[in-house]
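What follows is a short report on a single structure.
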Amino acid sequence: MVLVQFLVLLVFVALGAWIGGIGIAFAGGAGVVVLGLLGAHPGDLPMQVIVFIMVVIHAASAMQVAGGIDYLVMLTDRLLRRHPKYLAVLAPLVTYLLTFMASTGQVSFATMPVIVEVAKDNNIRPTRSLSVAVAGSLLGITASPISAAVVFLSGQLQKTGTGWGFVDLILVSIPATLLGTMVTAVLFMLWDKARGNDRLDRVPEYQQRLREGTVRPASHEAVTLRAGARLSVLIFVIALVVVLVYSIIISDRVHLIADPVMDAGQCRICVMLAAAGLILVCCKASPKAVPGSSIFRTGMNACACILGLAWLGTTFMAANKDWIQGHLGGLLAGSPWLFALVVVVASSLLYSQAASTQALFPTALAIGIAPATVVACFPATSALFILPTYPTLLAAVDLDDTGSTHLGGHFFDHPFLIPGLVATGLSVLFGFGLAAIVR
């Protein structure tokens with residue numbers, strides 16, 4: 001029965017990927033129906049994770065409507081144009097930091113056209129900058145103190161009495177993912193330079209497109225910011241700092257407040273909603289424009305997908321917890337890198353760090369996998385780049401009109417796979433080292 005249910009899981013995940021978009025959510029729900037017919041009791045609904053994501057999406061959408069995203073893109077444009085020689089390193093750093101700040105990759109997505117334009121202006125092949133930038137953006141989620149995945153995992157660590165908490169988690173995840181991203185960026189920049197593979201004029205597809213006139217000329221238009229653009233970013237950052245500081249001072253490690261009036265998750269919810277309201281009022285942004293913003297639309301679509309996929313995953317894991325513990329518990333507990341591989345494969349199917357965290361990590365802790373291993377392997381939930389159907393990958397390909405970034409003729413021969421695996425693998429490796437130091 002375990003094999004049958006696992007095949008059902010794979011079939012409906014594949015069906016969701018084939019339908020695409022919000023169809024992933026519908027396929028996940030249909031998969032729960034089938035598992036229920038096979039005798040599996042529905043697992044926990046990922047409502048806490050969804051609420052955590054929604055409140056940040058609301059605040060980020062308000063910031064976008066107020067012009068804050070345009071301001072961040074302008075700062076990115078200035079930085080990259082000032083140091084184009086280091087585009088392959090700075091682009092991933094920017095996407096990592098933006099995602100770290102906003103806990104959603106939709107913010108860093110706005111920088112991709114800038115990366116392409118700077119690359120064209122300076123005869124740099126944009127493929128590597130884009131591919132490592134995508135990996136950096138994904139890893140930024142597992143570092144962001146306000147991301148749903150971080151808040152959920154820290155709560156699980158505390159609830160199960162592991163001795164690990166929020167502070168321990170971010171002390172590992174932030175430096176591990178930042179180091180993993182930057183070391184990968186430097187390695188591939190040096191590799192491309194050594195092979196002479198970093199020049200755009202050496203790309204045959206680009207030369208052909210130039211002859212055909214299908215490449216958009218590089219442009220650098222001045223952006224007129226809304227009056228409240230800078231203030232909206234300031235309010236969002238202050239909200240992030242408030243959530244971070246509060247989560248630290250109520251943590252078991254710091255314990256400055258013995259009996260807090262609210263937990264870290266509740267603080268995240270009320271502070272981010274308050275920040276969204278402040279942005280609308282202080283920056284004179286239209287509340288009617290928020291639901292129509294690109295961040296809101298894609299964010300709500302992501303919430304729906306997480307609802308379907310995470311529920312499908314938790315249903316399978318809960319129904320087969322005893323079998324997993326009996327047959328795989330000892331093996332996974334004694335082979336940390338095997339657990340990391342399981343997380344990578346599962347995350348590539350579940351399309352979300354938060355969904356993967358909710359589906360896998362409670363079971364991992366329950367079957368006896370060491371909390372240090374769980375924390376070290378947390379960045380592996382960012383392996384959403386493996387399948388060439390992830391929206392950010394497709395967007396990066398579409399935005400690069402030079403033709404240098406393209407999906408291959410086979411399923412796994414796309415330019416995001418190797419940089420993503422290297423960045424994720426290094427992050428996990430650094431995570432193990434840092435986990436040993438933290439605890």
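As the structure is a prediction and not an experimental result, all values here were calculated from the model.
Applying the 6.0 Å contact sphere to CH2 of W311 captures no more than 12 heavy atoms from other residues, nucleotides or ligands. No more than 12 heavy atoms of other residues, nucleotides or ligands sit less than 6.0 Å from atom CH2 of W191.
Considering all non-hydrogen atoms of both residues, A133 and I115 come closest at CB-CD1, 4.2 Å. The shortest heavy-atom contact between G420 and A135 is CA-CB, 4.0 Å. When all heavy atoms of A60 and F236 are compared, the closest pair comes out as N-CE1, 3.7 Å. Across all their heavy atoms, A372 and A435 have their closest contact at O-CB, 4.0 Å.
Counting only heavy atoms from C-beta outward, the side chains of V94 and L98 approach each other to under 4.5 Å. Residues F100 and P145 are in side-chain contact: their nearest non-hydrogen atoms beyond the backbone lie under 4.5 Å apart. P92 is not listed as a side-chain neighbour of T184, based on a closest heavy-atom distance of 4.5 Å or more. With a 4.5 Å cut-off on side-chain heavy atoms, S144 and M101 do not count as touching. For the pair L426/L179, no side-chain contact is recorded, criterion being any heavy-atom separation below 4.5 Å from C-beta on. Q48 places a side-chain heavy atom less than 4.5 Å from the side chain of F152.
Of the listed residues (T127, V397, V132, L384), just one forms a side chain to side chain contact (heavy atoms under 4.5 Å, CB included) with F416, and that residue is V397. Just one of I141, T142, V134 meets the side chain to side chain contact (heavy atoms under 4.5 Å, CB included) condition when paired with L138; it is V134.
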Query raised in the report: Step by step, would you call L280 with V290 a side-chain contact (heavy atoms from CB on, under 4.5 Å)?
Result: CA-CA 9 Å; L280 293 181; V290 171; 3.9 Å; yes
Query - Audit row: S294, Q64, side-chain contact (heavy atoms from CB on, under 4.5 Å) steps and yes/no - result: CA-CA 9 Å; S294 61; Q64 182 181 25; 2.8 Å; yes
**Report entry** Check against side-chain contact (heavy atoms from CB on, under 4.5 Å), I57 and M300
**Finding:** CA-CA 8 Å; I57 291 298; M300 292 303 104; 3.6 Å; yes
Query - Test side-chain contact (heavy atoms from CB on, under 4.5 Å) applied to I170 and L244, step by step - result: CA-CA 10 Å; I170 62 173; L244 176 59; 3.9 Å; yes
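With no hydrogens or angles considered, a side-chain donor-acceptor pair links Y96 and T177 at under 3.5 Å. With hydrogens and angles left out, the side-chain atoms of S137 and T99 include a donor and acceptor closer than 3.5 Å. Side-chain contact of S356 with T381: a donor-acceptor pair under 3.5 Å is absent, judged by distance alone.
Rounding to the nearest 0.5 angstrom, the gap separating the CD atom in Q358 from the CG atom in D44 is 6.5 Å.
In this structure, F385 has its ring center at least 6.0 angstrom away from the ring center of H414.
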